[in-house]
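Read the structure below first, then the notes.
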Amino acid sequence: MKRKIPRPIPLVSSPATQNPRRHGHFYSTASNANLRTWFDKYFEKTNVHAWNSLIADLARSGDSLESLRAFSSMRKLNLIPNRSTFPCAIKACSALSDVRSGQQAHQQALVFGFEFDLFVSSALIDMYSKCGQLGDAKNLFDEIPQRNIVVWTSLINGYVQNEYPLRGLSLFKELLSRGDDDDESSVDSFAMVSVLTACSRLSAEGMTEGLHGFVVKCGFDRDVGVGNTLLDAYAKGGSVGMSRKVFDGMTDRDTVSWNSMITVYAQSGLAREAFEAFSAMVKGGLTRYNAVTLSTLLLASAHCGSLRAGKCVHDQVIVMGLLDNVVVGTSVIDMYCKCGQVQMARKSFDVMEVKNVRSWTAMIAGYGMHGLAREALDVFYQMLGVGVRPNYITFISVLAACSHAGLVDEGRHWFNVMNHQFQVEPRLEHYSCMVDLLGRAGHLHEAYDLIKRMKVRSDFILWGSLLAACRIHKNLELAEISAQRLFELDPSNSGYYVLLSHIYADAGRWKDVERMRELMKDSGLVKTPGFSLIELNGRVHVFLVGDKEHPRHEDIYRYLEELGVKLQRAGYVPDMTSVPHDIDEEEKEVNLRGHSEKLAVAFGIMNSVPGAMIQVMKNLRVCGDCHTVIKLISKIVNREIIVRDSKRFHHFKDGFCSCGDYW
DNA sequence: ATAGGGTTAG
């Protein structure tokens, strides 16, 4: 039977057609490529107005290069550009990040006497900021005797977009303190959006709240753009609830509003709410969805690991003809990787016509999380081969891939050359990968030395990797050092107490095990309960450790018991290293049997056709015993079983795991 | 005929 594909809502038009040219030139129906030809054929070459229209239309429709060409043709004819000519030409320069042309335009604007023209000045400030030349933007701003709000906003935006949101905010403060007597520079909704964007970059909730009050007082809360940015700023500051309140209170909502709300949910891991918001958007019928919407829904699908949902969105991507959109294509790759289907991801990757750093990186990261380090490195070499410059996330992905597969030499190599050969300074995340890689491979002291030598401040992820490695390689001394740091850095996480007490137990230090238990109790910490999810026929089933709530739990335990007999025949011996130490042996086995991933796998097998693949997702790491058991089950029942845990994927098949038992 | 804004992918 053919899968039912939801009926598409027409694709939202591209910016060019979304804002139809307000001025009906007779050539306005011609495509950009023909615009210049039409122009040359029908216009007097001396008509400055016509040249201005041509330059403006080309710049507006995104054909910046052609716009600049028109500008230079006009100059070659020795026509005198007027004050309308420059802003558009300069805008084309900023769209191309072409500082040299921008500087030339700047020079000519001075020659033709537009030094104090605010339209020209604001375009120039914007151009210099977009080209990363904040100093030039600031100098120009300082020399303007009579500034208006557009000029102020241009510079505020420059700061925000060059990652100086704090400077953007203080410039806004300066603007406010200038007094209200000047109408030309009083705050408008555009300025408000820029300032709120600064807030969202800072993730400063207090600031957002304060500005929210200002927004309401000035009546900007009726502006869609302001509402959208406010919503986003609250979310980035951690208040999903306030985001929703802003969204609910908006008088108008456009596609960006809905996309923003869906994104907030998707990024907070609230996939269900994301899909519900989307369904409300479609039901409302007033707003069309676009590439951004689908991209965000793919993120939500990836987050909850729902291949079913992801495929559905992918179908919609195809229907809407968005496959050649780089962002959407990259989201598709990410979705398939995180839903366990690397091969599908690779297929989507191969058909992408335009790939950028992020697309390449998504594929590398995807292979890495599936333990396919060789494939990850192959893609990385290909990427270098075609001349795409890796960024810092690419290197995180490469190092993580090496770490998942234990490729110590490759990892060391790329860590050592990333700075000198690729000008990517190692950050905390790179050090974390290296500590993980070295630690798990048994080079504990090299890992510890690396931490001591590094110039950036350490965090709990880094020490957590070292502590986990200390357990594998039974190093009590380093374990205590790491744990001490972890108790300070991440005091509310109970996992480190649990891990350290396991290490003590492995060493037979029972008094210390008891001490850990007391410590945990005193600080009011409880073990994070493990749970697993499995999706069957569009329904998600949740299993907790030792689940006795699930309606079918008795059947599941019975089935696991049946399997247990076959397991023992296959040579299985329970691995007790992950169970509490303060219970007797029999209880330990019961405890092990109730691990949520086992329950989910069993339930999956019981409720699917023979031979069907089983996919399970777990909130914590898979324990050693479950790993062994699921491996054997995959052989006994002849099923492919994919388990996604908090760090990576395990593909079990024919009694083997893709990780080669290295994790 | 001219200037400044908000949502997306690793």
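Below, chain A is the first sequence line, B the second, and so on; all start at residue 1. Atom set for the values below is all heavy atoms of this structure, side chains included, hydrogens, waters and symmetry mates excluded.
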Handout entry: Any N/O donor-acceptor pair, Asp57(A) side-chain to dA1(B) base, under 3.5 Å
Key = no
Completion exercise
Per atom distances to the Phe119(A) side chain, the nearest of dA3(B), dT7(B), dG4(B) is dA3(B)
Problem - Lys347(A), NZ: over 12 other non-hydrogen atoms inside 6.0 angstrom - result: no
Exercise for the section: Would you state whether a donor and an acceptor, one from the side chain of Asp117(A) and one from the base of dA3(B), lie under 3.5 Å apart? Expected result: no
Practice task
Remember a base hit wins even if backbone is also touched, and classify Val224(A) as base, sugar-phosphate or nothing at under 4.0 Å, heavy atoms.
Solution key: base
Handout entry: Phosphate OP1/OP2 of dA9(B): any Gln267(A) side-chain N/O under 4.0 Å
Key = yes
Handout entry: Residues which pass salt bridge (Lys or Arg N to Asp or Glu O under 4.0 Å) with Lys338(A), listed by chain and number, not counting sequence neighbours
Key = Asp334(A)
Handout entry: Per Arg358(A) side chain, nearest of listed nucleotides dA9(B), dG5(B), dT8(B)
Key = dA9(B)
Handout entry: From dA9(B), dG5(B), dT2(B), nucleotide with atom closest to Cys88(A) side chain
Key = dT2(B)
Problem - Proximity to the side chain of Gln161(A) - top-ranked nucleotide from dG4(B), dA1(B), dG5(B) - result: dG5(B)
Practice task
Check if the side chain of Ser154(A) and the base of dG4(B) share a donor-acceptor pair of N or O atoms closer than 3.5 Å.
Solution key: no
Practice task
From the options dT7(B), dA3(B), dG4(B), select the nucleotide whose nearest atom is closest to the side chain of Pro87(A).
Solution key: dA3(B)
Exercise for the section: Answer with base, sugar-phosphate or nothing: what part of the nucleic acid does Ile149(A) contact at a heavy-atom distance below 4.0 Å? Expected result: base
Completion exercise
Side-chain contact check for Asn148(A): nearest option of dA3(B), dT7(B), dG4(B) is dA3(B)
Fill in the blank from the handout: Considering only heavy side-chain atoms of Asn259(A), the closest of dG5(B), dT7(B), dT2(B) is dT7(B)
Handout entry: Qualifying residues under salt bridge (Lys or Arg N to Asp or Glu O under 4.0 Å), relative to Arg69(A), sequence neighbours excluded
Key = Glu66(A)
Exercise for the section: Kindly indicate whether the side chain of Ser122(A) and the base of dA3(B) share any N or O donor-acceptor pair separated by less than 3.5 Å? Expected result: yes
Fill in the blank from the handout: Separation of dA3(B) atom C1' from Arg60(A) atom CZ, nearest Å, is 12 Å
Exercise for the section: Just say parallel, tilted or perpendicular for the rings of Tyr381(A) and Trp414(A), cut-offs at 30° and 60°. Expected result: tilted
Practice task
Please work out if Leu299(A) contacts a base, only the sugar-phosphate, or nothing of the nucleic acid, heavy-atom cut-off 4.0 Å.
Solution key: sugar-phosphate
Completion exercise
Quick note, Thr153(A) side chain, CB onward, closest among dT8(B), dG5(B), dG4(B) is dG4(B)
Practice task
Could you tell me if the ring centre of Phe214(A) sits under 6.0 Å from that of Phe220(A)?
Solution key: no
Completion exercise
Val226(A) has its side chain closest, among dT2(B), dG5(B), dA9(B), to dG5(B)
Completion exercise
Separation of dG4(B) atom P from Leu118(A) atom CG, nearest Å, is 13 Å
Exercise for the section: Describe the nucleic acid contact of Thr296(A) in one word from base, sugar-phosphate, nothing, applying a heavy-atom distance below 4.0 Å. Expected result: sugar-phosphate
Handout entry: Partner residues of Asp188(A) under the salt bridge (Lys or Arg N to Asp or Glu O under 4.0 Å) criterion, sequence neighbours left out
Key = none
Problem - Whole angstrom value for the distance that separates P of dT2(B) from CE of Met127(A) - result: 20 Å
Practice task
Determine: side-chain N/O of Arg83(A) to OP1/OP2 of dA1(B), distance under 4.0 Å, yes or no.
Solution key: no
Problem - Phosphate contact (dG5(B) OP1 or OP2) by Lys130(A) side-chain N/O below 4.0 Å - result: yes
Practice task
For this output row, return yes or no: ring centroids of Phe422(A) and Phe395(A) closer than 6.0 angstrom.
Solution key: yes
Practice task
Establish, with yes or no, whether the OP1 or OP2 oxygen of dA3(B) is under 4.0 angstrom from a side-chain nitrogen or oxygen of Lys91(A).
Solution key: yes
Practice task
For residues 152-171 of chain A, pull every pair meeting ring pair (Phe, Tyr, Trp, His ring centres under 6.0 Å), keeping only residues two or more places apart or in separate chains.
Solution key: Phe141(A)-Trp152(A)
Handout entry: Partner set under salt bridge (Lys or Arg N to Asp or Glu O under 4.0 Å) for Arg75(A), not counting sequence neighbours
Key = none
Handout entry: Contact list for DNA chain B against residues 330-347 of chain A - heavy-atom distance below 4.0 Å
Key = Thr330(A), Ser331(A), Asp334(A), Lys338(A)
